[in-house]
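All values below were derived from every heavy atom in this structure, side-chain atoms included, with hydrogens, water molecules and symmetry-related copies excluded.
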Amino acid sequence: MSFYLAYGFYFKKAAPVNAALALSVTAQGLWIADFFLEAFSIGLGRTSLLVSGSALYLTVLLSLLMHSLIIPMSIWGSFKLGFTDRALEWMISILLILLPATYLFTGHIANRNCVFYPCDLTYTQALLSGQYMTLSYFVQTQFFWIIVDVISFYILYALFYKKRIK
């Protein structure tokens, strides 16, 4: 998402900034909430490695900054540049490129973008369950994120009613 924000800000294009906002609210909103819940030992597990002390402090800091700053920056950018329905095209193309690329070029253990199994599970838990790490699971996940993010887009589209651009 950082790349799309930078692109949108540099070229003064609302669509990539709006797409980053709609995508970030759903995926990173859950990550941020879980980070704070993990601090009280009631998290879902998405950020447990960061909070448990097994991660390097620099990794924790960079991950927290990246996940926490994208949403406010994209809100600010959407107010500054306006909100366009072209963001929906950007969102779907990002999902159709990013998630399959992650599936094809990263490993099961790293589970980047949670494409192999839910981020709340460990690799061992996912492996033992036998229902994850399949192409079928990936396709279901892809459809899930497209539907959730399209809903997110339309909610934001309504919220930014006065800032819409044609």
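- By the 30° and 60° cut-offs, the orientation of the rings of Trp90 relative to Tyr4 is perpendicular.
- Gln142 places a side-chain N or O within donor-acceptor distance of the main-chain N or O of Leu95, the cut-off being under 3.5 Å.
- Judged purely by atom type and a 3.5 angstrom limit, Ser129 uses its side chain to pair as donor or acceptor with the backbone of Ala126.
- Considering CD1 of Ile109 and OG1 of Thr122, their distance stands at 11.0 Å, rounded to 0.5 Å.
- The distance from atom CD1 of Ile71 to atom CD1 of Ile75, rounded to the nearest 0.5 Å, is 7.0 Å.
- Within the 3.5 Å criterion, the main-chain N or O of Ile70 finds a donor-acceptor partner in the side chain of Ser74.
- Thr26 contributes atom OG1, which lies 6.0 Å from atom CG of Leu23 (distance to the nearest 0.5 angstrom).
- Following chains of ILVMFWY side-chain contacts shorter than 4.5 Å, one cannot reach Ile97 starting from Tyr7, and the two form parts of different hydrophobic clusters.
- Using the six-membered ring where Trp is involved, Tyr157 and Tyr154 have ring planes that are perpendicular, over 60° apart on the 30 and 60° scheme.
- Hydrophobic clustering keeps Met133 apart from Leu128 (ILVMFWY residues linked when any side-chain heavy atoms are closer than 4.5 Å, directly or through intermediates).
- Going from atom OH of Tyr132 over to atom CD of Gln140 covers 10.0 Å, rounded to the nearest 0.5 Å.
- The two atoms that bring Phe9 and Met73 nearest to each other are CZ-O, 3.4 Å, heavy atoms only.
- Listed for the Thr84 side chain is no donor-acceptor partner under 3.5 Å among the backbone atoms of Ala14.
- Residues Leu21 and Tyr161 do not share a hydrophobic cluster, clusters being chains of Ile/Leu/Val/Met/Phe/Trp/Tyr side chains in contact below 4.5 Å.
- Heavy atoms only, all atoms of each residue included: Ala22 and Ser152 are closest at O-OG, 3.0 Å.
- Between Leu121 and Gln125, the shortest heavy-atom contact is CA-OE1, 3.3 Å.
- Remark: Leu37 engages Ile42 in a side-chain contact (heavy atoms from CB on, under 4.5 Å) (not counting sequence neighbours).
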Step-by-step ring pair (Phe, Tyr, Trp, His ring centres under 6.0 Å) determination, Phe116 to Tyr137: CA-CA 7 Å; Phe116 295 107; Tyr137 174 76; 8.9 Å; no
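- Residues Val115 and Thr141 have side chains not in contact (no heavy-atom distance under 4.5 Å, counting atoms from C-beta outward).
- Of all heavy-atom pairs spanning Val17 and Gly8, the tightest one is CG2-CA, 3.7 Å.
- For Ala15 against Ala87, the heavy-atom pair with the smallest separation is O-CB, 3.6 Å.
- Between Phe83 and Phe160, the distance separating the two ring centers is shorter than 6.0 angstrom.
- Taking CG from Asn18 and OG from Ser78, the interatomic distance works out to 4.0 Å, rounded to the nearest 0.5 Å.
- Here the closest non-hydrogen pair linking Met91 and Asp149 is CE-O, 2.9 Å.
- Clustering ILVMFWY residues whenever any of their side-chain heavy atoms sit less than 4.5 angstrom apart, transitively, puts Phe143 in the very cluster that holds Leu135.
- To the nearest 0.5 angstrom, Asp85 atom CG is 6.0 Å from Phe153 atom CZ.
- Annotation: side chain of Ile146 is in contact with side chain of Leu96 (closest heavy-atom distance under 4.5 Å).
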